[in-house]
Amino acid sequence: MKRMRTRIKELIANGTKGSDYVVSGWVRSLRLSKEIAFIVINDGSDVDGIQVVAESDLANFEQIGRIGTGSALTVEGRLLESPGAGQKWEIHSISITIIGMADGNYPLQKKRHSFEYLRSIAHLRPRTNTFGAIFRLRSKLAQAVHRFFSEQNFLYVQTPIITASDCEGAGELFRVTTLDASNPPLLGCRTDFNQDFFGQKSGLTVSGQLEGELFALAFGDIYTFGPTFRAENSNTARHASEFWMIEPEMAFSDLADDADLAEKFVRYLCRFALEECTDDMAFFDRHIESGLLERIRRVAEADFVRMEYGEAIELLKKSGTTFTYPVDWGVDLQTEHERYITEQIVGGPAFILNYPKNIKAFYMRLNDDDRTVAAMDLLVPKVGEIIGGSQREERLDRLELRMAELGIAQEPLWWYLDSRRWGSCPHAGFGLGFERMLMYLSGMDNIRDVIPFPRTPRHCEF
RNA sequence: UCCCCAUUAGCUCAGUCGGUAGAGCAGGUGACUGUUAAUCACCUUGUCCUUGGUUCGAGUCCGAGAUGGGGAGCCA
């Protein structure tokens, strides 16, 4: 009878000494001698994998000597304590079946590769220790997002990926069209989008916020969690053209409630990573960023600093530091300012609240001072802005005035304005970049290394 | 999009003053009964990113382009 394969993580955690098991995985390391071979195989369930001991009495021992790193094997053998120093357990093989050979051209070697090189072989990098740990964390963390909001009784809403609303400004939207780009139908000298698939210009969503607000005004507390697309020509380690965003929205809530939720959420995710992804987090602490565990532990425990925008400006001015971009009330905070605040002044996560209205979006609620809006950013060391949120303008007249000031057409957003027409109420929400959270938790420096198959300008391979 | 840096063997990199290229790892062959990035011996591998130019002679100097990286802007 064919025995079921046991996942290596499960085997190491709950295996019985002296019992027989079947494990399958990919060869990470081979150490051969005439009479004995040591083969480390990994099946993706944990960082370490398990050492397989093969002795020369195996029928295919000679053949095993010719396999390369990366080969797929199924091993049947006995779980025993390892006399060697590097591992607690090992499997003494009864039989080894070579499932898929890998020859010497296999691009992953038994050594450290640069992340740049591994990006060029993104189809194989999940088989490395680092990317194994990252994508296990990513999977777990996605589940933690749902668990958190489920515990808080938030409704999960799937906002559309294809949309016709282009509220945050044209140019950053990926066009969705079935028209022939080389020969589009014309209306005068311009493309006639009335003849396009949806009868109008459409594109990939840049945010589910506006639709999220509509659901918040029916269900109270809601969140979205899905892919988001930006066609901006951003070439940084923190931007991607396709990324995942978590956007909660709460009715009958103000900016302070919003910050409370954001803080609770971020701390929950930190605690979750420490408790539920212990081995992978320890791996990051060892190999990616020394001191990571301590840093995350502090975030999970300490209260976040809250600072008014005006206060932040004063602190920056008084810092005595010369910035490339001069600081004054009214300017947007540049990366150098944000990093100074979170890294030098605070030394941890910090909310900046109530920004000048002129540097923020139309839907943010105008404060009583008439010059700031109820906006907030959460800044964290290294990554910078991880959350952007606001209390939304619930007063129809103010919203229409603001749209007029910014030259935003009301007609395409008639449905959004309707929400302020009937049963409007104070509400607030934020967007958390899922990949930025992953960077923060893993210590990885580049967003392209926390996305399975990243899309950035000029890169759409795999 | 702007500014800076890089591009040499499959990978990571060295290459002096301008004189036609080298190491470690990987790979191959052999040795080895407990290895841990196994070890030891021997061996193989090059469009020096491309393209113009300077020069008797360019991996090396100059121009242009491509690709990658870092920083900035935009943001999550």
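Lettering of chains follows the sequences in order, A, B, ..., and the numbering in each one begins at 1.
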* Donor-acceptor under 3.5 Å (A:Tyr325 side chain, A:Glu336 main chain) -> no
* NZ or CZ of A:Arg125 within 45° of A:Tyr117 ring axis and under 6.0 Å -> no
* What residues, two or more places apart in sequence or in another chain, satisfy side-chain contact (heavy atoms from CB on, under 4.5 Å) together with A:Trp26? -> A:Ala72, A:Arg127
* Nearest-Å distance for atom pair CZ/P, residues A:Phe323 and B:G71 -> 18 Å
* Parallel, tilted or perpendicular: ring planes of A:Phe149 versus A:Phe154, cut at 30 and 60 degrees -> tilted
* **Rounded distance (Å) that lies between atom P of B:C74 and atom OH of A:Tyr355** => 12 Å
* Structure fact -> Taking B:G34, B:U35, B:A37 as options, the one with an atom nearest any side-chain atom of A:Lys110 is B:A37
* **Nearest-Å distance once atom C1' is located in both B:G52 and B:C5** => 23 Å
* Face-to-face contact A:Phe38 to B:A38 six-ring, under 5.5 Å, under 30° -> no
* Starting from P on B:G34, measure out to CD on A:Glu81 and report it in whole angstrom. => 21 Å
* To do: Using atom NE2 of A:His337 as one end and atom P of B:C75 as the other, report the distance to the nearest whole Å.
  => 15 Å
* To do: Give a yes or no on whether A:Lys317 atom NZ has more than 12 heavy-atom contacts from other residues, nucleotides or ligands under 6.0 Å away.
  => yes
* Asked: On a whole-Å scale, what distance lies between the C1' atoms belonging to B:U7 and B:G15?
  -> 15 Å
* To do: Would you please classify the geometry between the A:Phe453 ring and the A:Phe462 ring as parallel, tilted or perpendicular, with 30° and 60° separating the classes?
  => tilted
* **Side-chain N,O (A:His459) to OP1/OP2 (B:U67) below 4.0 Å** => no
* To do: Can you tell me, in whole Å, how much space there is between the P of B:U50 and that of B:U36?
  => 41 Å
* Check: A:Phe148 ring centroid to A:Phe265 ring centroid under 6.0 Å -> yes
* To do: Rounded to whole angstrom, note down the C1' distance from B:U8 over to B:A58.
  => 14 Å
* To do: Name the nucleic acid region contacted by A:Gly84, choosing base, sugar-phosphate or nothing; use a 4.0 angstrom heavy-atom cut-off, strictly under.
  => base
* Asked: Base, sugar-phosphate, or nothing: which does A:Gly433 touch, judged by heavy atoms less than 4.0 Å apart?
  -> sugar-phosphate
* Please evaluate the base of B:C74 for a donor-acceptor partner in the side chain of A:Ser234 within a cut-off of under 3.5 Å? => yes
* Structure fact -> All heavy atoms of A:Ser207 vs all of A:Thr228, minimum pair found to be N-CG2, 4.0 Å
* Asked: Is A:Ala240 touching bases, backbone alone, or none of the nucleic acid, heavy atoms closer than 4.0 Å?
  -> base
* 5'-to-3' dot-bracket of RNA chain B (Watson-Crick, G-U; under 3.5 angstrom; crossing pairs as [ ]; | other strand) -> (((((((..((((.....[..)))).(((((.......))))).....(((((..]....))))))))))))....
* OP1 or OP2 of B:C74 under 4.0 Å from side-chain N/O of A:Arg238 -> no
* To do: Please check the phosphate of B:G69 (OP1 and OP2 only) for any side-chain N or O of A:Arg119 closer than 4.0 Å.
  => yes
* Presence of A:Ser29 side-chain N/O under 4.0 Å of B:A38 phosphate oxygens OP1/OP2 -> yes
* Rounded to whole angstroms, how far apart are OH on A:Tyr440 and P on B:A76? -> 19 Å
* Asked: Could you give the NZ-to-P distance, from A:Lys34 to B:U35, as a whole number of Å?
  -> 18 Å
* **Salt-bridge criterion met for A:Glu394 and A:Arg365 (N-O under 4.0 Å)** => yes
* Asked: Considering only the P atoms, how many Å lie between B:G22 and B:C48, rounded to the nearest integer?
  -> 15 Å
* Using the C1' atom on both, measure B:C61 against B:G70 and round to a whole Å. => 26 Å
* Asked: Any side-chain N or O of A:Arg31 under 4.0 Å from OP1/OP2 of B:A38?
  -> yes
* Look at the side-chain N and O atoms of A:Asn235 and state whether any lies under 4.0 Å from the OP1 or OP2 oxygen of B:G70. => no
Could you list the protein-to-nucleotides 8-12 of chain B atom pairs, N/O on both sides, closer than 3.5 Å?
| from | atom 1 | to | atom 2 | distance (Å) |
| --- | --- | --- | --- | --- |
| B:G10 | N2 | A:Gln109 | OE1 | 3.0 |
| B:G10 | N2 | A:Gln109 | NE2 | 2.8 |
| B:G10 | N3 | A:Gln109 | NE2 | 3.3 |
| B:C11 | O2' | A:Lys111 | NZ | 3.4 |
| B:C11 | O2' | A:His113 | ND1 | 3.2 |
| B:C11 | O2 | A:Lys111 | NZ | 2.4 |
| B:U12 | OP1 | A:Ser114 | OG | 3.0 |

* Asked: A:Tyr325 near the nucleic acid: base, sugar-phosphate alone, or nothing, with a heavy-atom cut-off under 4.0 Å?
  -> sugar-phosphate
* Given the P atoms of B:U1 and B:C13, what is the spacing between them in whole Å? -> 27 Å
* Want to settle it: does A:Ala237 or A:Asn233 sit nearer the 5' end of RNA chain B, counting the closest nucleotide to each? -> A:Asn233
* Do side-chain atoms of A:Thr236 reach the backbone of A:Arg238 as a donor and acceptor pair under 3.5 angstrom? -> yes
* Asked: Which label fits B:U33, syn or anti, where anti is any glycosidic angle not within 90° of 0?
  -> anti
* A:Trp89 CH2 - B:U35 C1' separation (whole Å) -> 20 Å
* **Quiz item: A:Glu232 side-chain donor-acceptor pair to B:U1 base, under 3.5 Å** => no
* For A:Glu90, answer base if it contacts any base atom (sugar-phosphate contacts may also be present), sugar-phosphate if it contacts only those atoms, and nothing otherwise; contact means non-hydrogen atoms under 4.0 Å. => base
* To do: Using a heavy-atom cut-off of under 4.0 Å over every strand shown, decide if A:Ile246 touches base, sugar-phosphate, or nothing.
  => nothing
* Which part of the nucleic acid does A:Glu55 contact within heavy-atom distance under 4.0 Å: base, sugar-phosphate only, or nothing? -> nothing
* To do: Return no unless some side-chain N or O of A:Arg448 is found under 4.0 Å from OP1 or OP2 of B:G70.
  => yes
* Structure fact -> Of A:Asn105 and A:Arg339, the one whose nearest nucleotide on RNA chain B sits closer to the 5' end is A:Asn105
* Asked: Is a side-chain donor or acceptor of A:Ser71 paired with a backbone partner of A:Ile67 at a separation under 3.5 angstrom?
  -> no
* Spacing of the P atoms in B:A21 and B:A9 (rounded, Å) -> 14 Å
* To do: Scan A:Gln334 against the nucleic acid and name what it touches under 4.0 Å (heavy atoms): base, sugar-phosphate only, or nothing.
  => sugar-phosphate
* **d(CZ, A:Phe115; C1', B:G69) in whole Å** => 14 Å
* Asked: Would you say the side-chain atoms of A:Asp280 pair up with the backbone N or O of A:Arg136, donor to acceptor, closer than 3.5 Å?
  -> no
* Using the ring of each side chain (for Trp, its six-membered ring), is A:Tyr309 parallel, tilted or perpendicular to A:Trp329, with breaks at 30° and 60°? -> perpendicular
* To do: Considering just the side-chain nitrogens and oxygens of A:Thr236, establish if one lies under 4.0 Å of OP1 or OP2 belonging to B:C75.
  => no
